[in-house]
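Chain naming here is simple, since letters A, B, ... match the order of the sequence lines and numbering starts at 1 in each. Predicted model only: the values in this text are computed from it and were never measured.
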Amino acid sequence: MGSNKIRDIYDILFKTFGHQHWWPGDTQFEIILGAILTQNTSWQNVEKAIRNIKNAGLMAAAKIYALPEDCLAQLIRPAGYFNIKTKRIKSLLKWLFDNYEGSLEAVGNLSDHALREQLLGIKGVGRETADSIMLYAFGRVVFVVDAYTARILSRHGLIDEYCDYEQLRELLEGALPADAVLFNEYHALFVRVGKDYCRPKPRCADCPLNCLPIVSGLFEQ
DNA sequence: GACCAGGCACATC
DNA sequence: GATGTGCATGGT
């Protein structure tokens, strides 16, 4: 029930938008950094922060770990919430260096379950950030749920908008073949159509998913 | 000038 | 367990 619709939505999105080439990042470390920087923040702003770090020649775990907090905060300023994100990045790096000598390769030896538990234990890494790191930095078969996922599926009447994160993740993982490449593409496509059309105030004209009848029922005054 | 963005932790009830 | 709030820059 509903699983065919979930596949149908994927097909429409992929036909409309094609490959999204996610995650936009050159290295495993850059992906992880981006996962924290993009929390409740547009990728456009994150790119500025990443560029600052690269221009300073600091895009490496050990270099960021050694950097004073106020320096890091200034570099990532364009990404917003820069004081909090500085602490989150530092806490992730402290975990990485305290437990794995700074080696992401060593982290990669953890089982899916252990990796997720470890990531969720880091202050500043919640479920979406952990799952983004799992999927996009480590290629684990985890569906990354975000605000767009919930909004889009709820506007198609497939879920309650305030559906629990884990329930929604299980729904998607159950409706789709367990394939990291597919999960990668689908999450990126949700973000793509969400940004363009499925905003809090919907912009349904020309949206390829065409949930206008449902949405107008929900939002008309 | 509002609205919004690829969340999360923490306080309070 | 559910709900509310602070965190902050930058594009539309």
Quick check on [N]: is either OP1 or OP2 less than 4.0 Å from any side-chain nitrogen or oxygen of [X]?
X        : N     : answer
A/Arg77  : C/dT9 : yes
A/Thr129 : B/dC8 : yes
A/Arg203 : B/dC4 : no

**Request:** Examine the side chains of A/Asp146 and A/Thr149 and answer whether a donor and an acceptor come within less than 3.5 Å of each other.
**Result:** yes
**Request:** Return the minimal non-hydrogen interatomic distance between A/Ile76 and A/Ala49, and the atom names on each side.
**Result:** CA-CB, 3.7 Å
**Request:** Give the rounded distance in Å between these two atoms: CG of A/Asn40 and P of B/dC3.
**Result:** 16 Å
Hey, does [X] reach any base, or is it just sugar-phosphate, or nothing, if we go heavy atoms under 4.0 Å?
X        : value
A/Val125 : sugar-phosphate
A/Arg127 : sugar-phosphate
A/Lys48  : sugar-phosphate
A/Asn45  : base
A/Phe190 : nothing
A/Ile122 : sugar-phosphate

Side chain of [X] (C-beta onward), nearest among [options]:
X       : options              : value
A/Ile84 : B/dA9, B/dA5, C/dA8  : C/dA8
A/Ser42 : B/dA5, C/dT9, B/dG7  : B/dA5
A/Gln44 : B/dG7, C/dG11, B/dA5 : C/dG11

**Asked** A/Thr38 and side-chain contact (heavy atoms from CB on, under 4.5 Å): which partner among A/Leu33, A/Asn45, A/Ile50, A/Val46?
**Response** A/Val46
**Asked** Considering only the P atoms, how many Å lie between C/dA8 and B/dC10, rounded to the nearest integer?
**Response** 15 Å
**Distance, C1' atom - from C/dT3 to B/dA5, rounded to whole angstrom** = 22 Å
**Electrostatic pair A/Asp131:A/Arg140 at N-O distance under 4.0 angstrom** = no
**Asked** Is any side-chain N of the basic residue among A/Lys15 and A/Asp11 closer than 4.0 Å to the acidic one's carboxylate O?
**Response** no
**Fill in**
When A/Asn83 and A/Arg199 are each assigned the nearest nucleotide of DNA chain C, the 5'-most assignment goes to A/Asn83
**Message:** On DNA chain B, does the nearest nucleotide to A/Leu120 precede the nearest nucleotide to A/Asp146 from the 5' side, or the other way round? Give the residue.
**Reply:** A/Asp146
